[in-house]
**Student:** 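Here you go, one structure.
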Amino acid sequence: MKSLEGDGYKVDFDSGDSSIRLAGSLRLGGLSEYAPISQLLDESLDGRSTLTVDLTGLEFLNSSGIATLSKFVINARNRKDCALTIRGSNAIPWQGKSLNNLKRLMPALELVFD
Amino acid sequence: MPGPAPYVKVLDIEQTLAELQEMVDHLQQERNDLEIALTTAIEHGDAIESQLETANRQLQQEVRERLTVERQLRDLVATITQKSRDLEVVLQTITEHADQIDLQWLGRYIEAENDARQDSLTGLANRRMLDEAIAREWKRARREQQPLCMLVCDVDHFKDYNDRYGHPAGDDCLRALSELLRGVLRREGDLAARYGGEEFVLLLPNTDLAGGRLVANHIMERLSGTPLLHEGSPFGVLTLSIGVAACLPQDDDQGTLFAETDRLLYLAKQQGRNRIAA
């Protein structure tokens with residue numbers, strides 16, 4: 001288990017479970033502050049044929065955060081070696097539209113809403 | 001007739017031979033020239049062929065290079081097109097995401113604004129919203145020269161009620177009274193507020209004293225129609241004292257209406273409670 005933690009948020013990468021979970025409220029300032037999370041997301045793809053990104057506990061994500069997530073999805077698509085699943089929640093207003101837009105970047109992306 | 005002399009014949013033969021020799025030489029010269037011309041033509045052809053071969057090889061190399069460059073350009077265009085498409089989607093994703101977050105914040109702002117103007121126990125307007133409404137309606141009534149009416153309702157012996165039945169029951173009682181007060185208001189501009197503790201205020205725009213008294217009577221009727229047991233009260237049930245006042249605002253002193261209504265409420269209390277003073 002590899003984790004990143006900050007003010008109001010937590011990111012847990014469980015390599016055994018092939019899942020990475022983002023929870024809390026992510027409101028970091030700009031892409032540079034998102035770099036460690038971006039790096040962990042990209043690392044989680046290494047040598048893996050499937051990966052689940054669990055966002056069901058991510059209450060808030062600012063614009064830099066969604067840009068980071070978009071870049072990660074493009075990276076996963078270009079690598080062509082990992083089947084990506086994103087789990088979202090219908091109870092969190094921003095996830096409906098934004099996660100569906102990510103599917104446009106990667107048509108093979110599987111979206112699951114709790 | 002006698003033929004030419006032998007001497008002449010020899011001369012003719014020599015001349016013929018000389019002419020033949022000259023012809024042979026000429027032909028020899030022509031043959032040599034032709035041979036040179038032919039050799040030159042062949043060598044020239046070889047040179048041209050070699051030159052053409054070189055040119056052909058160069059052209060083929062150029063075609064191969066151009067095809068490679070064209071393929072690279074096509075790949076580059078495909079990559080740029082993909083990146084451009086990605087950027088468009090990312091831009092749209094970020095824009096729509098920002099809109100969603102704005103809506104989320106707006107919802108929370110509205111919620112917070114409502115919380116800031118609503119009494120959390122009863123759901124009625126709180127003191128802040130009442131103050132804003134009084135300021136607004138006072139100005140409007142003054143401008144339009146319409147009466148503004150106020151009712152101040154206080155629960156009689158409420159401390160005894162809380163002591164006897166407990167604070168949760170007291171809260172239930174206040175919630176029931178709030179429902180009753182909300183129920184007697186019929187117009188959009190009317191406002192029921194919890195002023196504090198067990199005291200409630202009704203603000204009735206465009207209503208004179210007679211209209212306010214009618215609303216107060218209506219409250220009393222409803223309360224007696226659904227009596228709430230209060231063994232600590234001399235009346236045996238929960239009762240209200242109500243002060244009612246109305247005025248045509250003439251100046252900026254909006255506090256006079258509340259002061260007068262509060263004075264009348266005090267009078268109702270003084271006169272024995274469970275009554276209306278107007």
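By convention in this document, chain letters (A, B, ...) are assigned in the order of the sequence lines, proteins followed by strands, and residues within each chain are numbered from 1. All values below come from the heavy atoms of this structure, side chains included, with hydrogens, waters and symmetry mates left out.
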**Student:** Let me know if A/Leu61 has heavy atoms under 4.5 Å from chain B in its side chain, its backbone, both or neither.
**Tutor:** both
**Student:** Sort B/Gln104 into side chain, backbone, both or neither according to what part of it lies under 4.5 angstrom from a heavy atom of chain A.
**Tutor:** side chain
**Student:** Side chains of B/Gln92 and A/Asn101: do they bring a donor and an acceptor to under 3.5 Å?
**Tutor:** no
**Student:** Measure the CD1-CD distance between A/Ile92 and B/Gln100 for me, rounded to the nearest 0.5 Å.
**Tutor:** 12.5 Å
**Student:** Once rounded to the nearest 0.5 Å, what's the spacing between atom OG of A/Ser64 and atom CD1 of B/Ile94?
**Tutor:** 8.0 Å
**Student:** I need the A/Ser70 OG to B/Leu91 CG distance, nearest 0.5 Å.
**Tutor:** 10.5 Å
**Student:** Could you give the distance from CZ (A/Phe60) to CZ (B/Arg108), rounded to the nearest 0.5 Å?
**Tutor:** 8.0 Å
**Student:** Does B/Glu53 CD have over 12 foreign heavy atoms under 6.0 Å away?
**Tutor:** yes
**Student:** Looking at A/Gly65, is its backbone amide N or carbonyl O close enough to the side chain of B/His97 to form a donor-acceptor pair, meaning the two atoms are under 3.5 Å apart?
**Tutor:** no
**Student:** Heavy-atom cut-off 4.5 Å, strictly under: side chain, backbone, both or neither for A/Asn100 against chain B?
**Tutor:** neither
**Student:** Count the heavy atoms of every other residue, nucleotide or ligand shown that sit under 6.0 Å from CG of A/Asp7, and state whether that count exceeds 12.
**Tutor:** no
**Student:** So how far is it from A/Met106 CE to B/Asp86 CG, rounded to the nearest 0.5 Å?
**Tutor:** 11.5 Å
**Student:** What part of A/Leu105 is in contact with chain B, defined as an atom under 4.5 angstrom from a non-hydrogen atom: side chain, backbone, both or neither?
**Tutor:** both
**Student:** More than 12 heavy atoms of other residues, nucleotides or ligands under 6.0 Å from NZ of A/Lys71: yes or no?
**Tutor:** no
**Student:** Indicate yes or no: does B/Asp99 engage A/Lys97 in a salt bridge with an N to O separation below 4.0 Å.
**Tutor:** no
**Student:** Inspect the surroundings of CZ in B/Arg187 and state if more than 12 heavy atoms from other residues, nucleotides or ligands are less than 6.0 Å away.
**Tutor:** yes
**Student:** What distance separates A/Ile74 CD1 from B/Leu87 CG, expressed to the nearest 0.5 Å?
**Tutor:** 7.0 Å
